[in-house]
Every structure is written in C-alpha cells, then in structure tokens.
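What follows is one structure encoded as structure tokens, with my remarks underneath.
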Amino acid sequence: MDPLTLAVIGCLAMFILIILHVPLGVAMALVGVVGFAEVAGWGPAISLMASEPASAMSNLDIAVIPLFMLMGSLATVGGLGTDIYEVSYALVGHRRGGLATTTVVACAGFGAVCGSGLATTATFGKVALPEMIKRKYAPGLATGSVAAGGTLGIIVPPSSMMILYAVLTEQSVLQLFTAALIPAAIAVALYVLTIQVQVRLDPSSGPRGERLSVRERIRSLRQGWGVFVLATVVLGGIYSGVFTVHEAAAVGVVVAFLFALVRRRLGFKEFLNVLGDASSSTAMIYIMIFGATIFSYFISVTGGADFIVSAIGALNVPPMVIIGLILLLYIVLGAFFDEVAAMVITLPFVLPVIQDLGYDLVWWGIINVVVIGIGMLSPPIGINVMLLNSMNPGIGLKTIYRGILPFFCADIVRLMLLTLFPSLTLWLPTILR
C-alpha cells in the first residue's frame, strides 16, 4: 500500500476508535503499531512498542508531571482554592462586579498551584458560583467568569499542558513557563475588563458586595498565606534559579502536603484519594505520551508530515494565513476534545508545518495552549461549559453560552495580540536566557 494512503487510513482509523470511546493513547498506539507493521513488518512494530515509550521515559521533564499533579491534588484538599477566593474577595469584592473579578483573579492564583484547567473550573464552580448566585449576580456573568477563569489553569505556570508540550516537542519547560507569564497577565486583564464593561452596561448583573473592614481584610490575607507561600516557593524558586523545575515540583509537593496536614484536612482516607487522583491523571497523560510517540513515528515513516508541509508550502498565501487556519482548526477541535487530547492528536501534523514556516516553538507552545483554552469554551461541546452544567443543572446551557460570549471575544483579542506580536511571548525568555 502507498505510504501516504496508509497514513490517511491510519488517521481515519484513529478517529473511528476515538468515536468508539477507545482511550486516546491506546487508539494512537494501536494505529501506530499496526500501520508501522504494514510498512516494516510485525517484528520492528513490536519493538517500536518498547523503544518509543522507553525513549519518552528517558526525558527527565516527564518526571515533573506526577509531581505537579500530586501538588495540585494536595492543594485542592488543603483548601487553597477557597483561601485564594476569600483573599481576592476581601480586596475587590465590594466593587461592582467584584465577585466575578474575584473569581478570575482567584482562578489565576489557584492555577499557579494546580496546573489544570478542569480542576480550576470544578473548584470555583463549587466555591464561587454559589456565592455569586446567592448575591443576585446574573447567571450568565456568574457562569461565564467561572468557565473563562477555569481556562487560566492551563496558561498560568506551572501548567501540566506546557509540560506535556515540552516533553512532546523537546522544548525547555522553564522557557515555556517564562514565556507564559505575560500572556497569562494579559488574559487576567482582559477578563477583568470584560467584567467591568458588562457591569457598566448592566449594573444589576453584578451588584456590589459588602465592604470588609481593614481588620477583616488583614485576617483574610493571613488566612491565604498558604497560597502565597506555595506559589512563591515553586515559581520564585524556579525563576530565581534556586531550584530547577524538577526540584521546585518536589519541594512544592512537600509544602502542599505539610500545609494540608497542619490544617488537619489530610486524614488517611483523604491521603489515599489524593494519591488515587494524582496517579490516575498521571497514568492517563503517560499513556497519551506513549501513544503519541508511537503514532508520530508511524506518521513520520509514511511521509505524512512531509506531505502536509510540502502541500502547505505550495500554497501561495502568507504564513500568517496558514497560522490562522491552524488556529481555527484548534478552536474547533477544542470544542470536541479535552485540552490534552486536542494537543496530542494534532502535534504530529502541525509541528512540522510550524518549523517549516520558521516560527519559534516556544512561541507556538504558548499559542497552542491559549487556543486550546478557547476551545474549552466553544460550542457545541466546550468542556468547561459541560462541566459547569453538570455541576449546576438548574442553569441551562443556553444561559452559560450566552455568559461566555463576552469572554470568548476577549480570548480572540488575546489570541490575535499574541499571534501578531510574538515579542509579547518571547521577550521574557529572551532576556532571562
């Protein structure tokens, strides 16, 4: 069989397996092994099942994934999400739209100790959404701020998505974390601006909360010390050069463990649940990495990636038009797949194109994470929307999507800024390199 035809059949087979609910990593590995066996025989194909995962495991960056997963689980059990929310509320909750602003700021803070978009959405769907509904916030603004704020979990370092991208593309985790700082700040600023515009147009959508006394604010700040300590130890240690990323992850686990222990929130049952959650998330990501490396090898051998690069190179259009089409593809895929799946499926095809066009892979990593975050809000199956709807069945999907629309527009503005002005992403890594 012609190798290119085999590559096309392999891709179709992979999507059919995914539709049949075969786990993504298993589907990619299965198609990769069978396809490679068609090219080189079953002996080399069986060897591929051992050599490619072993090669991936030899990458030290992959060891960071379980550590950050464990740190995020311990932070959740330790109540850090609630703490950062109360601190943010003490500072800005008394302003019009203050609770929605609090939610966005708290999501960014929690993202710095969690690293997961879905976990951030779930946490503040429990912590923030009931508070906003109780205080007569418009359901659309309330759900929109939680769903949009949840996407900050994958752009604020340390992000499991960035670590996964670094492993699959052999980029520096530290460079990606550094590059994400300005885009994350832009995201928070645009979300806050979006909230303020909405409450100016409709003051009843985000009524003011009560103004706390100076003493109550100080007490809230003291209560939130755990978040500041953990974020400072992890991120401060990384950027100051005191820790490597791996050391910072390990120290972060210890600090999060001690914090949960001191607050007496980590009994034996909770500890087992934390280990179970972190282990299952890590195993899922590892299986995806193994499957992706095997599938990528198969696509490379068949020449599928080279064909795509050549075909795009033959198009008489500016490179930015090609980038725009790829970004549109990601938004569509993000509406149907979770953030990890959307990245893993597309990298074997997209990465060679980005390299051929001469773009920086660190820049593309940040763009990749940002656009997948947008897909998490996109209809018909924006995963953050579905999660909020399942947690709050009384709020309809139509209401949630209507509430997300202004934040979606803010995300498009952010994506355009980062795409048209790569220096916003690459300036910090350049001066710190």
Side-chain angles (χ1 to χ4, degrees), residues 1-53 56 118 161 164-165 167-169 280-281 283-312 325-353 368 371-372 374-387 390:
M1 186 182 296
D2 177 67
L4 286 178
T5 303
L6 182 62
V8 172
I9 292 174
C11 292
L12 291 174
M14 181 187 68
F15 280 106
I16 290 172
L17 289 173
I18 292 171
I19 291 171
L20 295 175
H21 300 290
V22 175
L24 176 61
V26 176
M28 297 185 82
L30 184 61
V31 170
V33 169
V34 173
F36 187 66
E38 184 69 22
V39 175
W42 279 103
I46 297 300
S47 298
L48 184 70
M49 292 181 66
S51 61
E52 287 303 305
L118 284 177
M161 284 288 292
L164 178 60
Y165 178 88
V167 170
L168 294 176
T169 61
S280 61
S281 299
M284 178 194 71
I285 292 176
Y286 272 37
I287 291 171
M288 284 190 178
I289 291 173
F290 299 157
T293 55
I294 294 171
F295 184 75
S296 297
Y297 192 87
F298 160 63
I299 293 297
S300 175
V301 167
T302 58
D306 294 335
F307 175 78
I308 292 173
V309 170
S310 301
I312 290 177
L325 292 174
I326 294 174
L327 294 179
L328 182 61
L329 169 67
Y330 268 109
I331 292 175
V332 173
L333 282 177
F336 291 94
F337 296 99
D338 66 45
E339 64 262 40
V340 176
M343 175 182 286
V344 171
I345 289 172
T346 54
L347 274 180
F349 308 99
V350 172
L351 202 65
V353 174
N368 206 177
V371 75
I372 288 173
I374 296 174
M376 293 170 71
L377 303 178
S378 303
I381 316 177
I383 192 164
N384 274 15
V385 176
M386 294 298 139
L387 177 59
S390 65

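Small disclaimer: the values here were computed from a predicted structure and weren't measured.
The shortest non-hydrogen separation linking Cys11 to Phe349 is SG-CZ, 3.3 Å. Closest approach of Ala27 and Val22 over heavy atoms only: N-CG1, 4.0 Å. Residues Leu6 and Phe298 approach most closely at O-CZ, 3.7 Å, considering heavy atoms. Smallest separation of non-hydrogen atoms from Asn368 and Val371: O-CG1, 3.3 Å.
For Ala40, the side-chain contact (heavy atoms from CB on, under 4.5 Å) partners are Phe36, Pro44, not counting sequence neighbours. Not counting sequence neighbours, the partners of Ile46 by the side-chain contact (heavy atoms from CB on, under 4.5 Å) test are Trp42, Met49.
Proximity of Phe15 to Val31: side-chain heavy atoms (C-beta onward) are nowhere separated by under 4.5 Å. For the pair Ile374/Leu327, no side-chain contact is recorded, criterion being any heavy-atom separation below 4.5 Å from C-beta on.
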Let me check something: any side-chain donor-acceptor pairs from residues 284-295 under 3.5 Å, sequence neighbours excluded? List them with distances.
residue: Tyr286; atom: OH; partner: Ile62; partner atom: O; Å: 3.1
residue: Thr293; atom: OG1; partner: Ile289; partner atom: O; Å: 3.2
residue: Thr293; atom: OG1; partner: Phe290; partner atom: O; Å: 2.7

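Atom CG of residue Leu17 and atom CG of residue Leu12 lie 11.0 Å apart, to the nearest 0.5 angstrom.
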